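Order of the sequence lines sets the chain letters (A, B, ...), proteins ahead of strands, with each chain counted from 1. Remember, it's a predicted structure, so these values are computed and weren't measured experimentally.
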Protein chains: 2
Amino acid sequence: MSREITEARFLKQYDPKDYDSPLVTVDIALFTLHESTLQVLLVERGEHPHKGRWALPGGFIDLQADAELHDTAQRKLRQKTGVDVPLLEQVGTVGNAQRDPRGWSVTALYMALVPHAPTAEFIDSVTDARWWPIDEVGKLRLAFDHAELVDLARERLKSKTAYTVLPVHVLRQPFSLTQLQRAFELLMDATLEKKSFRRRILNAGVLEEAGEGVPEGGRGRPTVLYRPAKNSGQYLFTRVFG
Amino acid sequence: MSREITEARFLKQYDPKDYDSPLVTVDIALFTLHESTLQVLLVERGEHPHKGRWALPGGFIDLQADAELHDTAQRKLRQKTGVDVPLLEQVGTVGNAQRDPRGWSVTALYMALVPHAPTAEFIDSVTDARWWPIDEVGKLRLAFDHAELVDLARERLKSKTAYTVLPVHVLRQPFSLTQLQRAFELLMDATLEKKSFRRRILNAGVLEEAGEGVPEGGRGRPTVLYRPAKNSGQYLFTRVFG
DNA sequence: TCAATAGTGTCTCTAAGACACTATCAG
DNA sequence: CTGATAGTGTCTTAGAGACACTATTGA
C-alpha cells in the first residue's frame, strides 16, 4: 500500500523537468496602416532554427518577469516597437509536433494594432525588425508556421472589424470619419458605403468630437475630428457590416 | 569569436530541459442538455494538487500519442465519455504564475458539446466523472482556476449561439424545431420568439427535413423533424439573435 | 368536445444599402 | 468660378419582434 502524502509534501518533491513537456512560445502579429496599406511587423531571426528567415515577433515566456501570457506579448512588442500597443488580444493557440524542428511546440498567438507614426523611428533603429506590407508577406518564406499564423491573425482582424470599432487603434487621435472609414476598408479589404458607415459609427456613440481638422490633401471642406469615447473599446454591433 | 554552426548541429545539441518552461495542459468544458438544464462534465481529482476537488476534464499533452492540441482534448474526452464529441473548439489559452501551485502554467481551454443520451451510460461507469447542472457548479469549490474557465467557456457558448447554429450539437438527430428552440434558449439563457426563431433557422437553409415525429409530451400536432444539412456547421448569421 | 403542442400571417421597427444631393474650403 | 473633400436626405430592403391566428393530434 502506498502511503498518502500531503499536498505540501507533493509540491515539495514535484519537479516539472521530470516530465516531457512541449516548448511554449508567444507570437504576435502586430498590424499597422502606412501609405494606404496594411502592414505587419516581422523580425529577422538571428538564431537557429530558421536563422535568417523572417518571423513574427515573439519568443519564450520569462517565468520570472512575466506574470501572464499577455505580459510576455507586451514585453516582446515593447522590445521591437518601443511602445505599449493600444490593442493586444489573443487569437488562439496552435500546438503540434511538426511546427518547430526542436519538437512538440505550442504557441499562443496574439493580434495587436498600433498607429504607425509613434513606432516608425524606433523600429528603424532596430536593425532586425521592419514593417512589411501584408501583400508582400506571402512572397517571403517565413519561419516555422508563421505564414499560417499571419493568416489566422489577419482573418481575426477582418472579422472583428465587421462588428466592432477595432480600427480606431491603428489611427492617431484625433481622426476624421474619412480616415476611420479608410482604416475600416483596409482592415476589412472591402469598400464601404459612406452614409452607412457614418450613420453606424455615429449612432453607436463610441466617438466624441475633438475639434476641427484640415481635409485630406489640404483642399476641401474642413473635417470634424473625433476620438474614441471612454469604454467604447468593447462596443459590439448587432449586425455585421459590409 | 564563436564559430557558426549549422541548423542540423544546433538541433542535435538542443535539449528543451536546459530551459525553464511552464507546465502545459489542455482543459475542456464539455456541455450537454439534460432534464431541461445545461450541464457540464466535471471530474474529481484523484491526485495532488487539489486532490478531491472537482475539475474540468483535461491534462497533459502526450507528446507521442497526440499530433496536435486538438487530439489531446479529444483523447481526454474519449476517456471520460466513451465517444468522440461532435463539436470541439478552442476558447483561448490562460497562462500565469498563480493558477497552479506547481508553478507557471499554461492551459489551452476547449469548449465541447455532446448530446446527453449516448454518453450517459459510459459516464455512469466512470466513477470519478459526472454531469453537473451549470447552476450548481458555482457552489462547488473547483480546482485551480477552473471556475473561471467554466465561465469563459459558458460565455463563448452563449455568444456563439447568438450567431451560429451551434446548439444542433447538443441534440440527438433528428430533432424538431421546438426541441432546437429549447436548446437555443438554454444555451443562451434567454427566451426566444417562436416565429422569429423558425424563420431565421429555416431561411438559413442549414437544416434538411427528416420525417415526422411525435410532439413533446405525446399529445398535440405531430412535428416535422430535421437534421443539420452538410457543411451547415460554420454558417454565420449576419445579425445576432435574441 | 377540450387541451395541448406545432406551425403561420402579417404588421411594425431598426438598421443597412444606394445614391443623389448640399456644404465648405483652396486657388 | 472650378475642383476637391466633407457631410446629409431620403427611399428601399432585409430581417427581427410581437402577437394573434390556424392546424393536428390524444383523450
Side-chain angles (χ1 to χ4, degrees), chain A residues 36 159-165 167 171 174-185 188 190-227 235-242, chain B residues 36 158-165 167 171 174-185 188-227 235-242:
Chain A
S36 293
S159 67
K160 280 207 82 166
T161 299
Y163 63 93
T164 65
V165 288
L171 296 178
F175 47 78
S176 69
L177 281 184
T178 303
Q179 290 168 336
L180 186 60
Q181 182 173 346
R182 295 298 156 247
F184 268 77
E185 290 176 334
M188 291 180 73
T191 62
L192 299 176
E193 211 286 317
K194 181 165 57 166
K195 185 61 198 278
S196 301
F197 178 79
R198 301 170 87 91
R199 194 174 36 203
R200 178 176 168 106
I201 299 293
L202 293 177
N203 285 348
V206 291
L207 300 181
E208 51 192 32
E209 293 198 15
E212 270 210 345
V214 296
E216 299 282 297
R219 12 167 210 278
R221 179 171 168 172
T223 182
V224 177
L225 299 176
Y226 297 88
R227 73 176 90 254
Y235 186 88
L236 296 177
F237 291 96
T238 57
R239 298 199 196 176
V240 299
F241 195 44
Chain B
S36 293
K158 193 182 290 193
S159 68
K160 280 206 83 167
T161 299
Y163 62 94
T164 66
V165 288
L171 295 178
F175 46 78
S176 69
L177 281 185
T178 303
Q179 289 167 339
L180 186 59
Q181 183 173 345
R182 295 299 155 246
F184 269 77
E185 290 177 333
M188 292 180 74
D189 193 25
T191 63
L192 300 176
E193 211 287 315
K194 182 166 58 166
K195 185 63 199 280
S196 301
F197 178 78
R198 301 170 86 92
R199 194 173 37 203
R200 179 176 168 106
I201 300 293
L202 293 176
N203 285 349
V206 291
L207 300 182
E208 51 192 31
E209 293 197 16
E212 270 210 347
V214 296
E216 298 282 298
R219 17 168 208 275
R221 178 171 170 172
T223 182
V224 177
L225 298 176
Y226 297 88
R227 73 176 90 256
Y235 185 88
L236 296 178
F237 291 95
T238 57
R239 298 199 196 178
V240 299
F241 194 45

Sugar-phosphate only, base, or nothing, as touched by Val224(B) at under 4.0 Å among non-hydrogen atoms: sugar-phosphate
Short side-chain N/O contact to dA14(D) OP1/OP2 from Arg239(B), under 4.0 Å: no
Beyond-backbone contact of Thr223(B) with Leu177(B), side-chain heavy atoms, under 4.5 angstrom: no
Steps toward side chain to side chain contact (heavy atoms under 4.5 Å, CB included) verdict (Ile201(A), Leu180(A)): CA-CA 10 Å; Ile201(A) 299 293; Leu180(A) 186 60; 4.2 Å; yes
Minimum heavy-atom distance between Ala204(A) and Phe237(A), given as atom pair plus value: CB-CE2, 3.7 Å
Short side-chain to backbone donor-acceptor contact, Glu193(B) and Lys195(B), under 3.5 Å: yes
Touch class at under 4.0 angstrom, heavy-atom based, for Gly242(B) against every strand present: sugar-phosphate
Taking every non-hydrogen atom, the tightest pair across Arg221(A) and Pro215(A): O-CB, 3.3 Å
Write out a two-atom table: protein N or O, nucleotide N or O from nucleotides 21-25 of chain D, distance below 3.5 Å.
| residue | atom | partner | partner atom | Å |
| --- | --- | --- | --- | --- |
| dA23(D) | O4' | Arg221(B) | NH1 | 3.2 |
| dT24(D) | O2 | Arg221(B) | N | 3.1 |
| dT25(D) | O2 | Gly220(B) | N | 3.3 |

Distance, rounded to the nearest Å, where Glu185(A) contributes CD and dG17(C) contributes P: 12 Å
Sub-3.5 Å pairs of nitrogen or oxygen atoms, protein against nucleotides 9-11 of chain D:
| residue | atom | partner | partner atom | Å |
| --- | --- | --- | --- | --- |
| dG9(D) | N7 | Lys195(A) | NZ | 2.6 |

Side-chain heavy atoms of Glu185(A) within contact of Arg182(A), under 4.5 Å: yes
Options dA18(C), dA6(C), dG7(C), nucleotide nearest the side-chain atoms of Ser196(A): dA18(C)
d(CG, Leu202(B); P, dA16(D)) in whole Å: 12 Å
Rounded distance [0.5 Å steps], OG in Ser176(B) versus CD in Glu216(B): 5.5 Å
Nearest listed nucleotide, side chain of Phe241(B), among dG7(D), dA16(D), dG17(C): dA16(D)
Interatomic distance where CD1 belongs to Ile201(A) and C1' belongs to dG7(D) [whole Å]: 15 Å
Any donor-acceptor N/O pair, Gln181(A) side chain to Leu192(A) backbone, under 3.5 Å: yes
Integer-rounded Å distance: dG7(C) P and Leu180(B) CG: 12 Å
Phe184(A) and Phe197(A) aromatic centres sub-6.0 Å: yes
Closest-nucleotide 5' rank along DNA chain C - winner of Leu225(B) and Asn203(A): Leu225(B)
Presence of Thr223(B) side-chain N/O under 4.0 Å of dT5(C) phosphate oxygens OP1/OP2: no
